[in-house]
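Read the structure below first, then the notes.
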Amino acid sequence: MRIKMATIRKRNGKFQVQIRVKGTQSITRTFRTKSEAIIWSRATETDKYHNPEVRNQPPCSKETVGTLLERYYIEVLSKRHWYKRECSILRRFQRSDLYNIKISDLSERDVARYRDQRLKVVKPATVVREICIGSHCLTIAQSEWGVRLTSNAFKSVRKPKVRNSRERRISKEEWRRIVETDSHRGLRSMRYIIELAVETAMRKGELLRAEWKDLDLEQSTLHIPKTKNEYPRTIPLTPKAIEIISSIEKREGIDTIIPVNYYTLSSWWAELLKAAGIKNLRWHDLRHEGISRHFEHGLSVPEVAMISGHRDYQMLRRYTHINPTTVAAKLAAIFSNN
């Protein structure tokens, strides 16, 4: 089998890769970024992704951490809905010494050195995600690709402790400033999007992918087919959420309820906070706020999990920071009725 060099062309804002294989039809794929196109083309240009005999050879002589990660990206990561973060992790691996180490020579010491170097520039949570990607790659290589490994160095190495729990809530004064500032933004007004994010406790990607066809106003529910953990869910909508959605004009030819680009929304959010003079407030904190409010409204843990999509109730605790004054008011109301 003879494979010619890949050709990469930019078309309609995307990157199209074409690889010509003698005796068969050419292989064509389209990617959002040039780096993804390059990664795919490098991996596909080699026989090991087309020849089962070569694919199942043990790694002792030729396979490197990089070649396995490239294949892992093509066969596993690229098929996920939320693959952009993983793609950036792969690019970080490419810039490290770890990438070119033969898999037969890889040791816990190599991964530990990578871990310590990354901890100098990024937070522990980021390093843990990167190590987990490497660990899952080797697990797949051993269980599905016939790669024989003596051990999984990524899995064995000690992972840094992650302490990224936040207790950030939006104060009444901050909300007043957000509303006041947003009222002067005209077409870039995003108050309704912010309020809907809090009312539904949805992730940003889920919120912006929500479509009219998945909305059931009679049942007051919204189905979310694509989620971060890949488990679809249907969430009950609050009266306020229904009011917000009902006020949105449904445009012809646009399927999404919120017709705003992901990166455009991020830019608007940064501008709004700067103009309002609010610091240390992330978009994801709106999800924290929504979950905490649902608990304050008296919903049980399973009920809140139905809305938020958490399958692990322990993880849900990280997002829950109930206001003590709200609990005090409830206690006062309870005892005053006795």
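- Between the side chain of T139 and the backbone N or O of S135, at least one donor-acceptor pair lies under 3.5 Å.
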Next item on the list: Please report the C-alpha distance between S300 and E303 in whole Å, then the side-chain angles of each, then the deciding distance to 0.1 Å, and finally whether the side chain to side chain donor-acceptor pair (under 3.5 Å) criterion is met.
Entry: CA-CA 5 Å; S300 66; E303 289 170 337; 3.2 Å; yes

Note to self: Let's go through D116 and R113 carefully: what are the C-alpha distance in whole Å and the side-chain angles of both, what is the deciding distance for salt bridge (Lys or Arg N to Asp or Glu O under 4.0 Å) to 0.1 Å, and is it a yes or a no?
What the structure shows: CA-CA 5 Å; D116 295 341; R113 186 182 299 113; over 6 Å; no

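- Of the charged side-chain nitrogens involved, none lies within less than 4.0 Å of a carboxylate oxygen, so that E108 and R158 do not count as a salt-bridged pair.
- A 4.5 Å side-chain heavy-atom check between I194 and W175 finds at least one atom pair inside the cut-off.
- Annotation: side chain of L68 is not in contact with side chain of T64 (no heavy-atom distance under 4.5 Å).
- Taking a 6.0 Å sphere around NZ of K123, one finds it holds 12 or fewer heavy atoms contributed by other residues, nucleotides or ligands.
- Residues I140 and R71 have side chains not in contact (no heavy-atom distance under 4.5 Å, counting atoms from C-beta outward).
- In this structure, E173 places its CD atom where more than 12 heavy-atom neighbours from other residues, nucleotides or ligands lie under 6.0 Å away.
- Taking all atoms of both residues into account, the shortest heavy-atom contact from I235 to T200 is CD1-CB, 4.0 Å.
- Remark: side-chain polar atoms of R233 are paired, donor with acceptor, to backbone N or O of I307 under 3.5 angstrom.
- Distance CZ/R92 to CG/L98: 14.5 Å, rounded to 0.5 Å.
- Atom OG1 of T221 is separated from atom CD1 of I242 by 9.0 Å, given to the nearest 0.5 angstrom.
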Next item on the list: Quick one: do L77 and I133 satisfy side-chain contact (heavy atoms from CB on, under 4.5 Å)? Show the steps, please.
Entry: CA-CA 9 Å; L77 295 184; I133 287 291; 4.2 Å; yes

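- If you take OG1 on T264 and CZ on R188, they are separated by 11.0 Å, rounding to the nearest 0.5 Å.
- When atom types are taken as modelled, the side chain of S156 and the backbone of A153 share no donor-acceptor pair closer than 3.5 angstrom.
- In this structure, Y114 and F93 have parallel ring planes: the angle between them is below the 30° cut-off, well short of the 60° mark.
- Between R168 and E289 there is no salt bridge, since no side-chain nitrogen of the basic residue lies less than 4.0 Å from a carboxylate oxygen of the acidic one.
- Cluster annotation: V121 and L90 are assigned to the same hydrophobic cluster (Ile/Leu/Val/Met/Phe/Trp/Tyr, side-chain heavy-atom contacts under 4.5 Å, transitive).
- A ring pair (Phe, Tyr, Trp, His ring centres under 6.0 Å) with W269 is found for one member of Y263, Y262, W283 and no other, namely W283.
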Next item on the list: Decide yes or no on side-chain contact (heavy atoms from CB on, under 4.5 Å) for F15 and R9, but give the supporting numbers first.
Entry: CA-CA 6 Å; F15 293 86; R9 301 184 181 90; over 6 Å; no

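- Under the 4.5 Å side-chain heavy-atom criterion for ILVMFWY residues, no single connected hydrophobic cluster contains both I254 and L207.
- Note: R287 CZ to S292 OG = 11.0 Å, rounded to the nearest 0.5 Å.
- Formation of a donor-acceptor pair under 3.5 Å by the R177 side chain with backbone atoms of A276 is found in this model.
- Taken together through direct or relayed side-chain contacts under 4.5 Å among Ile, Leu, Val, Met, Phe, Trp and Tyr, M306 and L237 form parts of separate hydrophobic clusters.
- Nearest heavy-atom pair across I291 and A201 is CG1-CB, 3.9 Å.
- At a cut-off of 3.5 Å, with distance as the only test, a side-chain donor of E199 or T238 sits close to an acceptor on the other residue.
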Check: Do R293 and R169 pass the side-chain contact (heavy atoms from CB on, under 4.5 Å) test, and can you show the C-alpha distance, the side-chain angles, and the key distance before you say yes or no?
Finding: CA-CA 10 Å; R293 288 188 187 183; R169 297 289 301 272; 3.9 Å; yes

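- H136 has its ring centre less than 6.0 Å from the ring centre of Y72.
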Next item on the list: Apply side-chain contact (heavy atoms from CB on, under 4.5 Å) to the pair L69 and Y73, showing each step before the final yes or no.
Entry: CA-CA 6 Å; L69 283 170; Y73 172 77; over 6 Å; no

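- K102 and E63 are not joined by a salt bridge, as no carboxylate oxygen comes within less than 4.0 angstrom of a charged side-chain nitrogen.
- A side-chain donor-acceptor contact under 3.5 Å links Y99 and E70.
- Grouping the Ile, Leu, Val, Met, Phe, Trp and Tyr side chains by contacts below 4.5 angstrom, directly or via other members, places L149 with W145.
- Considering every non-hydrogen atom in both A210 and L222, the closest pair reads CB-CD2, 4.1 Å.
- Under the 4.5 Å side-chain criterion, counting only non-hydrogen atoms from C-beta, Q142 is not in contact with V147.
- We find the CG-NE2 distance between L299 and H294 to be 7.0 Å, quoted to the nearest 0.5 Å.
- Side chains of D182 and S189: a donor on one and an acceptor on the other come within 3.5 Å.
- Atom OG of residue S88 and atom CZ of residue R91 lie 5.5 Å apart, to the nearest 0.5 angstrom.
- With respect to the salt-bridge test (charged N to carboxylate O, under 4.0 angstrom), the residues E206 and K226 do not qualify.
- Here R282 does not pair with D285 in a salt bridge; the nearest charged N to carboxylate O distance is not below 4.0 Å.
- With I278 as the fixed residue, the side-chain contact (heavy atoms from CB on, under 4.5 Å) test singles out one of L272, I178, I170: I178.
- Considering all non-hydrogen atoms of both residues, L119 and V127 come closest at CD2-CG2, 3.6 Å.
- The side-chain heavy atoms of E144 and E75, taken from C-beta on, include no pair separated by under 4.5 Å.
- Panel note: side chain R251, backbone P259; no donor-acceptor pair is recorded below 3.5 Å.
- Counting heavy atoms from C-beta on, the side chains of L138 and L106 come closer than 4.5 Å.
- Side-chain contact between K204 and H284 is absent, with no heavy-atom pair separated by less than 4.5 Å.
- The side-chain heavy atoms of D216 and S220, taken from C-beta on, include no pair separated by under 4.5 Å.
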